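These notes are about the structure you will find just below.
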There are 2 protein chains.
Amino acid sequence: MSICGPILGDVADRVRGAANKRPRYDPDRLLEVAVQQFILRGYEATSMAQLGKAAGLGKSSIYHHFASKEAILHRALSRALDALFAVLEEEQARLGPPPARLEHLLRRTVEVLVDELPYVTLLLRVRGNSRTELWALERRRHFDREVAELVAATASTGGLRQGLEPGLGARLLLGMVNSISEWYRPGGPLSAADLARMAASVGLHGISGAARAGAAGARGAKID
Amino acid sequence: MSICGPILGDVADRVRGAANKRPRYDPDRLLEVAVQQFILRGYEATSMAQLGKAAGLGKSSIYHHFASKEAILHRALSRALDALFAVLEEEQARLGPPPARLEHLLRRTVEVLVDELPYVTLLLRVRGNSRTELWALERRRHFDREVAELVAATASTGGLRQGLEPGLGARLLLGMVNSISEWYRPGGPLSAADLARMAASVGLHGISGAARAGAAGARGAKID
DNA sequence: TCCTTTCCCGACCGGTCGTTCGGTTCCCAT
DNA sequence: ATGGGAACCGAACGACCGGTCGGGAAAGGA
């Protein structure tokens with residue numbers, strides 16, 4: 001128990017021992033606290049002093065573990081991006097018929113999103129304000145493009161609905177999947193695997209099959 | 001032609017005459033410039049000085065038109081929310097069988113999103129940092145809940161796929177629709193009406209009909 | 001022409017930002 | 001027990017933040 005941390009049961013409490021010892025951090029644990037704050041108030045709106053307080057530290061102590069505020073962000077975004085790109089390397093995402101590969105990719109993306117929820121959430125909110133954010137944005141675009149190419153490959157097997165440009169389909173698919181980070185909270189009644197299966201299924205079913213309501217001609221939404 | 005505005009053909013240029021007269025603003029035009037900047041760099045990361053420069057004004061001049069930085073945000077968010085809630089009042093969203101009402105609601109939501117793109121985009125990025133943002137967040141939740149109730153009504157007519165909780169369906173639907181603000185740019189080859197028709201069709205088709213890949217039991221995602 | 005209103009400006013305020021620095025406290029291997 | 005590195009602290013830095021203020025230029029009606 002402590003009165004220091006702003007939220008009960010926080011990392012700040014876990015990091016000190018059972019007694020009220022002085023908190024001792026390593027970069028990864030501090031990262032956890034920092035990302036939590038970044039998500040809560042936004043990166044720009046979070047001050048180093050707030051980061052320190054949330055961790056039970058003075059703000060100058062942060063600089064013992066990270067070179068700068070931006071370095072914290074970089075590490076967090078890197079973690080999210082690495083986890084996402086690892087999915088692209090998985091066998092089932094690289095071999096087999098495109099529709100099955102796309103299904104696997106979407107399902108695993110959701111699972112990673114849930115698994116690394118804070119880090120991916122932070123990634124999805126990046127807007128390109130600093131060099132670090134621009135770098136993350138570009139890496140993320142690479143990922144999106146791979147998904148788009150897989151959707152295009154699925155389309156060329158006839159798996160896409162009439163009039164739906166593959167680029168648009170990919171965007172809608174990714175938008176749906178990414179939006180999960182805005183409401184999903186671990187510990188709820190919905191398991192990550194079930195959510196992933198369902199989201200992938202809903203998404204794929206949405207962009208495939210016969211059109212119900214016709215959209216005359218919807219063309220030209222390439223992932224750039 | 002001017003060297004003042006950061007982007008060519010900006011509102012800052014349009015607002016002065018053909019000659020290089022002094023810019024004269026009214027709140028609405030200034031709002032347009034401000035929202036553009038808020039989207040570009042984020043609300044917190046945008047300073048009043050930057051707002052002024054983007055408008056071709058000194059930062060103190062902003063306060064002639066708006067009481068505070070937060071007042072600018074409030075006006076922008078209000079514009080987006082009013083446009084969205086107006087859709088809920090439309091006849092076709094209130095009368096008829098639930099599936100048709102849902103289709104209309106989704107389609108019109110996309111059209112409003114595109115129509116008021118900067119303002120809705122700003123709304124969708126709000127995280128609840130100030131009283132204004134909390135207010136906007138709550139109004140937005142009301143809108144989401146109305147959509148969720150319509151999805152639930154659609155479900156009770158048997159229009160929802162097996163195992164898909166209406167709350168989860170609504171979230172996925174809204175996530176897909178809202179994500180359009182992250183990539184759609186007016187002037188592209190895709191008209192707002194076509195996009196709206198296609199997005200609504202993809203979304204509805206995704207959450208309805210028979211399941212392809214089974215998700216054992218996916219339950220419990222209520223819109224709060 | 002003159003006066004009023006609208007609009008805009010530069011200088012300035014207190015406060016907070018990210019960051020630096022010299023020094024203190026703690027843990028642990030020796 | 002003791003030396004040394006890792007972890008942490010408070011004070012202070014210059015820069016910049018949102019906001020205020022008194023005054024000047026432009027527009028418009030008389």
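Because the structure is a prediction, the values reported are computed rather than measured. First the proteins, then the strands, lettered A, B, ... as listed; each starts at 1.
With distances taken from any side-chain atom of B/Tyr63 to the nucleotides D/dC8, C/dT20, D/dT20, the minimum falls on D/dT20. Closest to the side chain of B/Met48, from the set C/dT19, D/dG19, C/dC9, is D/dG19. When each of C/dC9, D/dG19, C/dC17 is scored by its nearest atom to the side-chain atoms of B/Leu57, the top-ranked nucleotide is C/dC9.
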Using atom names, set out every protein N or O paired with an N or O of nucleotides 10-13 of chain C below 3.5 Å, distance rounded to 0.1 Å.
residue : atom : partner : partner atom : Å
C/dG10  : N7   : B/Ser60 : OG           : 3.4
C/dG10  : O6   : B/Ser60 : OG           : 2.5

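Put simply, the side chain of A/Asn178 gets close to the backbone of A/Leu174: a donor and an acceptor are under 3.5 Å apart. Side chain of B/Gln50 to backbone of B/Ser47: a donor-acceptor contact under 3.5 angstrom is found.
In this structure, A/Tyr25 atom OH and C/dC26 atom P are separated by 17 Å, rounded to whole Å. The nearest whole Å value for the distance from the CG atom in B/Asp26 to the P atom in C/dT5 is 21 Å. Taking atom NE2 on A/His64 and atom P on D/dG5, their separation rounds to 13 Å, with Å as the unit. In this structure, A/Ile62 atom CD1 and D/dG10 atom P are separated by 13 Å, rounded to whole Å. Between the C1' atom of C/dC9 and the NE2 atom of B/His65 lies a distance of 12 Å, rounded to the nearest Å.
A salt bridge between B/Glu32 and B/Arg29 is absent, with no side-chain N of the basic residue lying under 4.0 Å from a carboxylate O of the acidic one. Salt bridge status for A/Asp144 with A/Arg141: absent, with no side-chain N to carboxylate O gap under 4.0 Å. One finds no salt bridge joining B/Arg127 and B/Glu133 here, because no Lys/Arg side-chain nitrogen approaches an Asp/Glu carboxylate oxygen to under 4.0 Å. Using a cutoff of 4.0 Å between basic side-chain nitrogens and carboxylate oxygens, A/Glu103 and A/Arg107 are scored as salt-bridged.
Figure legend: cation-pi geometry between A/Lys69 and A/Tyr43, with NZ or CZ positioned under 6.0 Å from the six-membered ring centre and within 45° of its axis.
Of the residues in residues 66-74 of chain A, A/Ser68, A/Lys69 come within less than 4.0 Å of DNA chain C through at least one heavy atom, sorted by number.
Looking at A/Gln37 and A/Thr46, their side chains never bring a donor and an acceptor atom within 3.5 Å of each other.
When the ring pair (Phe, Tyr, Trp, His ring centres under 6.0 Å) test is applied to B/His74, the partners found at least two apart in sequence or on another chain are B/Trp135.
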